[in-house]
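Written out below as structure tokens is the structure these notes cover.
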Amino acid sequence: MKHRLALIGFGNVGQGFTAILAEKKEFLARKYGFECEIVAISDMAKGSVVAPKGLDPHILLSRPGDLLSTKESKDALGIIRECDATVVVEATYTDLKTGEPATSHVKAAFETGKHVVTTNKGPLALHYAELLSMAAKKKLYFKFEGTVMSGTPLISFGMQNLAGCNFSEIRGIFNGTTNYILTQMGDGASYGDALKKAQELGYAEADPTGDVEGFDTMGKVMILANVFMDGKLKKEDIARTGITAIAVDDIKRAAADGKRWKLIGRLRRDGDRVIGSVTPEALPLSNPLSSVYGATNAAQFMTDLLGEITIVGAGAGRKETGFAILSDLLDIHRMIG
Ligand code: HSE
């Protein structure tokens, strides 16, 4: 079957995914029998289009203005409801205060019988149980690999490969931007230059305050609590400190003491409670997380059956998060054919 996709949001992630399609179309068809068409796009800034016959990914990337129109009369919700997509790919900006507009997009997709793949952290952090139940009632797939550690398969690893384990703690480096900044500062760059570079490389959120003040990691801690620990953590329950108070001198002092600063997100069980935190920590070099550099992320699961298990890989980036969308689509493809 040919999957018909509606891309809601055509920023870094939507374009990263489209670039993968442009590059790998034949390979995906030959190797996995996976074929898809982009039949609708809606982007707040770039415009929208509904194209039941499909859009050429090469033109979308090189001359988006030829295809996207700011005069399209329907908004994203109208497009989701009325287009004939089989899967809605939700990749708009994250809002961790309300989860909107992404949560309404996801609901509209389920209401009209469409599977959802999303990289948006808001709906997963704030409305996970409700959305999962909507999808289950309609027998639809709800996939969200790209919400934590971009395309590195942390979510599917925990849900599938570690199924059957209980987790007493999950901790790690969950934000690419801050880890990139801390690494660059360790190599002598200023905070401002390192942040600018992280934005250019497509790591940072639309508003990078979310990264450097620890909100992005907080959102990911909430997602991991929902998915793996039935935690239902609220923002106000999570102690949060970002990296803005760390100066180059702090990094030099830590290095002289054989330590490296990392922004650590942590979830741990304490009796019936799940406790979440986001804090910069100066880790000794003996801690494997201290050797995770740049936009790379890492997660450590403390399991009852397997002890400690660590997954390390890309944490942010256009193609890296675009790949998360592809891997979710391929999973849907494997399940529904
Ligand atoms: N801004 C996020 C980061 C993007 O830097 O990790 C990936 O969630």
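If you read the sequence from its start, that first residue is 1, and numbering goes on from there. Each ligand, and each atom within it, is numbered from 1 in the order the structure gives. Remember, predicted model here, so these are calculated numbers, not experimental data.
- Taking 4.0 Å as the cut-off, G315 counts as a neighbour of ligand 1 on heavy-atom distance.
- Heavy-atom contacts of N175 reach the following atoms of ligand 1: 2 (C), 3 (C), 5 (O), 6 (O) (cutoff under 4.0 Å).
- As a member of the Ile/Leu/Val/Met/Phe/Trp/Tyr network built from side-chain separations under 4.5 Å, Y203 groups with Y180, L201.
- With respect to E169 and R266, a salt bridge is recorded, a charged nitrogen being found less than 4.0 Å from a carboxylate O.
- For S104 and E100, the side-chain atoms include at least one donor-acceptor pair closer than 3.5 Å.
- Residue contacts with ligand 1 for D216 involve side-chain atoms from C-beta outward but no N, CA, C or O (heavy atoms, distance under 4.0 Å).
- Under the salt bridge (charged side-chain N to carboxylate O under 4.0 Å, His left out) criterion, the residue pairs touching residues 295-312 are R171-E308, with sequence neighbours excluded.
- For ligand 1, the atoms sitting less than 4.0 Å from at least one non-hydrogen atom of E205 are 1 (N), 2 (C), 4 (C), numbered in the order shown with element in parentheses.
- K121 has a carboxylate O that lies under 4.0 Å from a charged side-chain N of E205, or vice versa, which qualifies the two as a salt bridge.
- Between T147 and ligand 1, a contact under 3.5 Å exists for no N or O pair.
- Summarising the contacts of atom 4 (C) of ligand 1 with Y203, Y180, F174, the nearest heavy atom is found in Y203.
- Checked for salt-bridge contact, K319 and E23 meet the test: a charged N lies under 4.0 Å from a carboxylate O.
- In D211, the part holding a heavy atom less than 4.0 Å from any atom of ligand 1 is the side chain.
- Salt bridge absent: K53 and E37 never bring a charged side-chain N and a carboxylate O closer than 4.0 Å.
- The N/O atoms of G176, backbone and side chain alike, include one that comes under 3.5 Å of an N/O atom in ligand 1.
- Note: no N/O pair closer than 3.5 Å links N297 and ligand 1 by distance alone.
- Interface of K220 with ligand 1, defined as ligand atoms under 4.0 Å from a residue heavy atom, comprises 2 (C), 3 (C), 6 (O), 7 (C), 8 (O).
- Under the 4.0 angstrom criterion for non-hydrogen atoms, M149 is not in contact with ligand 1.
- A salt bridge links R81 with E111; the closest basic N to acidic carboxylate O contact falls under 4.0 Å.
- Ligand 1 places these atoms under 4.0 Å from at least one heavy atom of T177: 1 (N), 3 (C), 5 (O).
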